[in-house]
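Below is one structure; the comments refer to it alone.
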Amino acid sequence: MRKIAVTALKTLLCMWLVTAIFIFLISYIYYKFKITDNKIMIGIAITYFAATFLGGFIFGKIMEHKKYLWGIGVALIYVLIICAIAFCISGGRFEFPITMVISCVLGGMLGGMLS
């Protein structure tokens, strides 16, 4: 059980690193090219998908059975952390984006399946 928890934490750190890099790139592109908000939202959705895909892939490589479920699990933890942070920052006025959850779960599941 401890191995799973440590592995999950390491995987989540990798996911956060990927998220930070992608968000930095999106910010830079916005600053340089003044892209529209819709394109930024698409970039953020791609960021979530890529981060959870990577997390599901890494976690699936380490776990031996039911890799897609482990991918879904790590993606759900990622989503819950993002939602908790957004809820705290917004002062309780956070709207739960179901498309974000679906994108993350599909990314984690696909990453786990392909591992």
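Every heavy atom of this structure was used, including side-chain atoms; hydrogens, water molecules and symmetry mates were not. Predicted model, so just to flag it, every value in this text is computed and none were measured.
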Quiz prompt | Straight-line distance of I77 CD1 to T11 OG1, nearest 0.5 Å | solution = 9.5 Å

Quiz item: Should L80 and I98 be counted in the same cluster of Ile, Leu, Val, Met, Phe, Trp and Tyr side chains packed under 4.5 Å apart?
Solution: no

Exercise. Could you tell me which non-hydrogen atom of S103 sits nearest to which non-hydrogen atom of A45, and how far apart they are?
Key: OG-O, 3.7 Å

Quiz item: Does M109 offer a backbone N or O that forms a donor-acceptor pair with the side chain of W70 under 3.5 Å?
Solution: no

Exercise. To the nearest 0.5 Å, tell me how far L69 CG sits from M63 CE.
Key: 11.0 Å

Self-check item: Hydrophobic cluster identity match, L12 and I85, side-chain contacts under 4.5 Å
Solution: yes

Self-check item: Cluster check I72, I81: I/L/V/M/F/W/Y, side chain < 4.5 angstrom
Solution: yes

Quiz item: Listed by chain and number, what are the side chain to side chain donor-acceptor pair (under 3.5 Å) partners of T19, not counting sequence neighbours?
Solution: Y78

Self-check item: Straight-line distance of I23 CD1 to T47 OG1, nearest 0.5 Å
Solution: 4.5 Å

Exercise. Kindly determine whether I40 and I26 satisfy side-chain contact (heavy atoms from CB on, under 4.5 Å), including the steps that lead there.
Key: CA-CA 7 Å; I40 291 173; I26 291 169; 4.2 Å; yes

Practice problem: Identify the two heavy atoms, one from V79 and one from C104, that lie closest to each other, and give their separation to 0.1 Å. | Solution: CG2-CB, 3.3 Å

Self-check item: hydrophobic_cluster_shared for I29 and F24, side chain cutoff 4.5 Å
Solution: no

Quiz item: About how many Å separate NZ of K32 and OH of Y28, when rounded to the nearest 0.5 Å?
Solution: 4.5 Å

Quiz prompt | Full working for side-chain contact (heavy atoms from CB on, under 4.5 Å) between I102 and T99 | solution = CA-CA 5 Å; I102 293 169; T99 55; 5.7 Å; no

Quiz prompt | Over all atoms of both residues, closest heavy-atom pair of F49 and L106 | solution = CE1-C, 4.0 Å

Quiz prompt | Sub-4.5 Å side-chain heavy-atom contact between L110 and Y68 | solution = no

Quiz item: Cluster question for you: counting only ILVMFWY and a side-chain heavy-atom cut-off of under 4.5 Å, with indirect links fine, are L76 and M113 together?
Solution: yes

Exercise. Hey, could you give me the CG/CD1 distance between D37 and I42, rounded to the nearest 0.5 Å?
Key: 11.5 Å

Quiz item: Looking only at heavy atoms, which two atoms of C83 and M100 are closest? And how far apart?
Solution: SG-CE, 3.5 Å

Quiz prompt | Interatomic distance, L13 atom CG to K10 atom NZ [nearest 0.5 angstrom] | solution = 10.0 Å

Exercise. Could you walk me through whether V101 and V105 pass the side-chain contact (heavy atoms from CB on, under 4.5 Å) test, one step at a time?
Key: CA-CA 6 Å; V101 175; V105 168; 4.2 Å; yes

Self-check item: Steps toward side-chain contact (heavy atoms from CB on, under 4.5 Å) verdict (M15, V74)
Solution: CA-CA 10 Å; M15 293 166 72; V74 77; 4.0 Å; yes

Self-check item: Closest approach of K67 to S115 (non-hydrogen atoms, all atoms of both residues)
Solution: CD-OG, 3.4 Å

Quiz prompt | Nearest heavy-atom neighbours spanning I82 and W16 | solution = CG1-CH2, 3.3 Å

Practice problem: Report yes if some heavy atom in the side chain of Y30 is under 4.5 Å from a heavy atom in the side chain of T36; otherwise report no. | Solution: no

Practice problem: Kindly write out the residues that satisfy side-chain contact (heavy atoms from CB on, under 4.5 Å) with L25, not counting sequence neighbours, or none if the list is empty. | Solution: I21

